[in-house]
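Chain letters run A, B, ... following the sequence lines, proteins first and then strands; every chain starts at 1. Below, all heavy atoms of this structure are taken into account, side chains as well, without hydrogens, waters or symmetry copies.
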Amino acid sequence: MTPTVPDKPSLEGLEAKWGARWETDGTYRFDRTATRDQVFAVDTPPPTVSGSLHVGHVFSYTHTDTIARFWRMRGRDVFYPMGWDDNGLPTERRVQNYFGVRCDPSLPYDPDFTAPREPAKRAISISRPNFVALCTGLTIEDEKAFEELFRHLGLSVDWTQTYTTIGERAQRTSQKAFLHHLREGLAYQAEAPTLWDVDFQTAVAQAELEDRERPGAYHRLRFRDPDGGPLDIDTTRPELLAACVAMVAHPDDVRFQKWFGQTATTPLFNQPVPIVAHPLADPDKGTGMAMVCTFGDVTDVVWWRELHLPVRAIIGRDGRITSTPPGLEGGPFEEIRGLKINAAQTRMVELLRESGDLIGEPQPITHPVKFYERGDRPLEIVTSRQWFIRTLDHRHELLERGRELRWHPPYMQGRYQSWVNGLNSDWLISRQRFFGVPFPLWYPVRPDGTIDHQHPIAADEARLPVDPSTDVPPGYTTDQRDQPGGFAGDPDVMDTWATSSLTPQIATGWADDPDLFARTFPMDVRPQAHEIIRTWLFSTVVRAHYLHNCLPWADAAISGWVLDPDRKKMSKSKGNVVTPIGLLGQYGSDAVRYWAASGRPGVDTTFDEGQMKVGRRLSIKVLNASKFVLSRAGEADPSAAVTVALDQAMLAGLADLIDEATSAFEGYDYARALERTETFFWRFCDDYLELVKGRAYGSQGPEAQASADRALTLALSAILRLFAPFLPFVTEEVWSWWQEGSVHRAPWPAAAELGAGTPVDRLVLDVAAAVLGEVRKAKSEAHQSMRAEVRRAVVSETPERLAALRLAAADVQEAGRIAELVLEEGAALAVKIELAEG
RNA sequence: GGGCGCUUAGCUCAGUUGGUUAGAGCACCGGCCUUACAAGCCGGGGGUCGGGGGUUCGAGUCCCUCAGCGCCCACCA
């Protein structure tokens with residue numbers, strides 16, 4: 001094929017041109033005839049749709065894309081779907097504000113409902129199905145914008161495989177998996193104390209917690225020991241005094257052993273409480289004696305459970321003091337009833353100070369307090385009925401799965417192990433929210449109108465997905481909803497992780513496409529960020545272990561974060577926010593990808609526009625070097641032999657590079673593959689191209705020219721393919737000048753294709769470039785042009801290197817414009833240069 | 001409290017099993033219109049490889065220790 005090389009190659013417009021072409025040609029389309037062993041399947045992270053994509057997405061998704069492109073060129077059929085995570089709280093909050101609505105799950109579906117154009121002043125109550133429809137509609141627009149950005153970035157996703165986490169397939173999959181677990185006893189419901197967010201009014205799982213350092217104070221309260229003497233404790237939660245159910249000290253604590261088994265009396269309320277022993281009580285903390293309340297913190301829950309203490313709850317789900325424990329009616333408790341927690345604490349301290357039961361002044365401290373990671377107020381612990389998936393009983397199997405998984409980088413496995421080792425409760429999957437996957441369950445309503453939670457009615461698997469708030473369980477009729485003798489739908493939804501833990505099953509069609517599933521599951525790789533190892537990665541392993549008794553994928557590729565130390569400075573000085581689309585427009589997608597791909601696996605990387613400039617320069621260099629090679633040698637005879645030592649040496653180095661890049665990619669180290677390829681390429685341009693230029697123009701006769709031409713085209717072909725995973729647009733552009741088809745479907749280069757076999761003196765290029773460098777240096781120091789003539793150059797070198805240099809002497813002379821080249825044996829490289837006059 | 005990672009030139013980072021005077025890019029300085037590229041090319045200066053100790057013929061690389069930064073985990077009265 002005769003190359004068609006533009007006069008002025010440019011990067012402008014390549015994204016649009018090739019994006020459209022790849023779509024038309026189905027370049028990245030998954031071939032459903034491939035069998036599992038021919039497939040490379042990627043469990044792409046579905047980005048949260050509420051909000052916008054930021055440079056962190058560009059960063060990590062590029063990493064995955066380079067891997068996908070590598071395996072595609074290696075001949076694998078790449079299954080690379082995209083998902084949108086539109087399920088969950090962020091979308092709910094947006095819809096509430098955007099439309100001025102709120103979800104009331106007790107309302108029936110209104111098929112005629114249309115959203116108000118402007119948010120109503122008073123929030124309109126709508127049914128859950130109507131609310132969900134609004135959520136879905138609002139996310140579609142964002143999803144379009146996300147797809148456009150990712151296409152512009154050049155992700156080689158198969159956009160026909162897109163799913164959403166609230167979509168029908170995700171719901172079907174989530175519900176089917178839940179029913180599986182239910183049948184096998186791996187899912188269960190329990191009425192138990194759980195961490196509760198009083199603002200979101202929902203239970204929260206261990207994985208969603210974070211500790212925040214908060215100011216607090218130790219308050220010393222004076223209880224009465226069994227003899228009526230003082231017995232002091234320190235507490236940060238004096239407002240929970242009315243919920244005190246015991247006092248506890250360490251079993252070995254000699255100060256308190258005489259009281260174990262006896263009864264103390266609380267201040268203010270004068271309630272009797274047992275004095276008990278438990279090893280979790282720390283003799284060095286406070287007075288060594290603690291009060292146990294239901295519930296002030298998770299230690300209270302442990303004590304309550306293990307010491308079989310009664311429940312005396314006072315905090316309601318709205319975060320106020322609501323329930324009055326028996327025996328406290330009419331007393332000082334009335335002073336705090338109805339108050340929020342902070343106000344209740346203030347009032348309690350006043351009351352205790354008045355009664356003389358507060359000893360000294362509160363001692364301010366800073367201590368870690370548990371928060372929901374998206375929440376603003378400390379979590380409380382309330383008792384409620386929730387659904388759980390068992391994890392504690394399977395800790396050892398799950399640890400073993402973690403060891404079976406191949407981690408990139410390997411040390412990331414430690415995060416998984418420490419998380420699993422630290423699990424202290426089963427996985428709480430129910431949420432008292434609306435925009436999520438409903439539980440496919442109903443409960444019988446007893447004749448007295450109460451709900452019989454112990455006998456849930458499961459949906460028919462063939463009918464999934466169901467919405468129990470509108471669908472009717474098998475054997476019932478619509479009019480029996482919420483009626484005595486009828487049924488009631490489960491009001492909760494699954495936590496978003498309960499759905500996203502099934503992304504492999506959703507993407508591969510486990511619930512509804514057995515053919516696809518057989519070709520793609522278990523998947524090959526899960527790319528994701530390190531902070532969600534404990535949530536997304538862990539929960540995905542749990543689901544696959546239970547559902548399929550295997551890992552969901554063989555490899556986990558963990559990406560770091562984008563650090564932005566200069567963010568302030570940038571926004572101050574320039575006043576414009578750096579958005580991904582702006583960067584892509586300014587530097588070009590290939591350049592931004594270059595920056596992203598230079599971030600090593602798992603390593604946090606600084607946001608660096610300088611690297612994008614370098615990437616742009618590299619892309620332009622690819623255009624220009626390719627232009628030179630193809631316009632000189634594009635019509636080279638493919639059967640010509642590479643006979644010149646310099647050419648052979650260059651190809652030998654390229655063969656080494658191919659081997660190194662290949663094994664780096666196989667180990668998920670795209671960054672190393674890029675770095676090595678780039679280094680080679682610059683040397684190829686700066687040294688080899690300069691050395692070979694004259695010969696390629698025919699200065700040394702047709703055979704020497706043919707060798708150069710052949711070497712140039714072989715090298716260009718391999719280099720373009722090595723760069724293709726990183727710079728998909730510019731490599732495709734150049735490829736199209738002289739090759740049929742897409743470079744992204746071309747075979748990954750192999751060292752063998754470069755005609756290896758004959759022994760090659762690899763020193764030739766090395767020595768020739770070194771001498772050329774000396775000549776350049778001399779001209780630079782003489783303030784001469786590189787074109788300046790050298791009358792005579794005397795090169796001293798070791799005999800071995802001199803022999804190598806001799807093989808490239810003609811090229812060196814020509815590149816350096818050296819009239820007379822003298823070679824002498826010496827200890828190390830030394831070059832004496834006499835420039836011509838003038 | 002336990003664990004992991006990082007600390008190499010002004011900046012961003014490479015340095016794979018320990019081996020010749022420690023590398024790249026950016027920035028800086030100087031030079032050059034050289035027929036692929038002036039949004040380019042050529043050259044140059046610049047580092048006691050966080051501190052200390054050890055193993056070794058030899059340590060940026062291995063061991064110990066200390067410090068700083070970041071992250072993960074932890075029952076937080």
Side-chain angles (χ1 to χ4, degrees), chain A residues 5 8-9 11 211-214 216 218-219 233-237 240 247-248 279-282 285-293 296-303 365-370 378 409 411-424 530-531 533-534 560-561 563 565-566 595 598-600 602-611 613-614 616-618 620-632 660 663-664 667 669 671-672 675-676 678-679 682 685-686 689-690 693 697 772-773 775-788 815 817 828:
Chain A
V5 184
K8 285 193 171 181
L11 299 177
D211 286 350
R212 296 183 198 163
E213 287 289 332
R214 280 301 158 108
Y218 278 130
H219 302 73
I233 60 102
D234 279 348
T235 180
T236 56
R237 307 281 314 257
L240 291 178
M247 301 182 78
V248 64
L280 271 186
D282 182 349
K285 226 171 231 175
T287 63
M289 174 73 76
M291 72 169 180
V292 182
C293 304
D297 63 31
V298 293
T299 316
D300 281 341
V301 177
V302 174
W303 283 326
I365 56 161
T366 304
H367 63 155
V369 177
K370 287 201 185 307
Y411 61 77
M412 286 294 177
Q413 190 194 159
R415 306 220 179 169
Y416 177 93
Q417 300 290 340
S418 67
W419 171 251
V420 178
N421 278 318
L423 285 174
N424 57 31
H530 51 66
E531 84 277 14
I533 288 173
R534 70 171 181 173
W561 288 339
L563 303 178
D566 287 329
W595 159 71
S598 64
R600 309 192 91 79
V603 177
D604 294 344
T605 300
T606 309
F607 175 79
D608 186 358
E609 292 194 61
Q611 282 295 101
K613 289 178 187 162
V614 174
R616 184 171 180 84
R617 203 164 68 101
L618 174 64
I620 292 170
K621 195 76 173 176
V622 168
L623 286 177
N624 286 317
S626 301
K627 176 186 165 190
F628 168 73
V629 169
L630 294 178
S631 57
R632 288 316 318 151
E660 194 175 8
S663 55
D669 195 349
R672 174 183 296 271
E675 189 225 326
R676 298 307 150 93
E678 186 193 7
T679 300
W682 283 111
C685 291
D686 295 346
L689 286 188
E690 292 303 326
K693 193 177 274 180
Y697 275 89
L772 183 59
V775 173
R776 284 167 171 166
K777 184 174 175 177
K779 291 180 181 176
S780 257
E781 286 172 351
H783 292 194
Q784 295 282 305
S785 156
M786 288 302 120
R787 207 177 45 169
R817 294 178 176 257

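- At least one test fails for A/Lys285 against the ring of A/Tyr218: distance under 6.0 Å to the centre or angle within 45° of the axis.
- Nucleotide B/A39 forms no Watson-Crick or G-U wobble pair with any nucleotide shown, as no partner meets the under 3.5 Å limit on both distances.
- For A/Ser785 and B/C32, a side-chain-to-base donor-acceptor distance below 3.5 Å is absent, hydrogens and geometry of angles not being considered.
- Panel note: side chain A/Thr287, backbone A/Met289; a donor-acceptor pair is recorded below 3.5 Å.
- Spacing of C1' atoms, B/C63 relative to B/U55, comes out at 7 Å, to the nearest Å.
- For the pair A/Trp419 (side chain) and A/Arg534 (backbone), a donor-acceptor distance under 3.5 Å is present.
- When the P atom of B/A24 is taken as reference, atom CG of A/Asp686 falls 12 Å away, rounded to whole Å.
- Which of B/C75, B/C42, B/A36 sits closest to the side chain of A/Val298 comes down to B/C75.
- For A/Arg676 against B/U16, a side-chain N or O and a base N or O form a donor-acceptor pair under 3.5 Å.
- Nearest to the side-chain atoms of A/Lys777 among the listed nucleotides B/U35, B/C73, B/G44 stands B/G44.
- In this structure, the nucleotide among B/C75, B/U12, B/C26 sitting nearest to the side chain of A/Val614 is B/C26.
- Summarising the geometry, the separation between CD on A/Glu609 and C1' on B/C11 is reported as 14 Å, rounded to the nearest angstrom.
- Between the side chain of A/Lys779 and the backbone N or O of A/Ala788, at least one donor-acceptor pair lies under 3.5 Å.
- With a cut-off of 3.5 Å on both pairing distances, the Watson-Crick or G-U wobble partner of B/C13 is B/G23.
- Spacing between atom CG of A/Leu630 and atom P of B/U35 amounts to 20 Å, rounded to whole angstrom units.
- Considering only side-chain atoms of A/Arg776, the nucleotide from B/C42, B/A14, B/C37 that sits closest is B/C42.
- Between A/His530 and A/Trp561, the ring planes lie tilted relative to each other; the angle falls in the 30° to 60° range.
- Of all nucleotides listed (B/A36, B/C73, B/G5), B/A36 comes nearest to the side chain of A/Glu690.
- Using atom C1' as the reference point in both B/A59 and B/G15, the two lie 14 Å apart (nearest Å).
- Of the listed nucleotides (B/A36, B/A77, B/A39), B/A36 has the atom at the smallest distance from the side chain of A/Tyr697.
- Checked by distance alone, A/Lys779 brings no side-chain donor or acceptor within 3.5 Å of a matching partner on the base of B/C42.
- Considering only side-chain atoms of A/Tyr411, the nucleotide from B/A74, B/A77, B/G5 that sits closest is B/G5.
- Residues A/Met786 and A/Ile620 each lie close to RNA chain B; by heavy-atom proximity, the contact nearer the 5' end of the strand is made by A/Ile620.
- Side-chain proximity of A/Arg617 to the nucleotides B/G40, B/C73, B/C37 is greatest for B/G40.
- The nucleotide B/A77 finds no pairing partner, because no Watson-Crick or G-U wobble arrangement with both distances shorter than 3.5 Å includes it.
- The partner of B/U56, taking Watson-Crick or G-U wobble pairs whose two distances both stay under 3.5 Å, does not exist in any strand shown.
- Atom CD in A/Glu213 sits roughly 13 Å away from atom C1' in B/A74 (whole-Å rounding).
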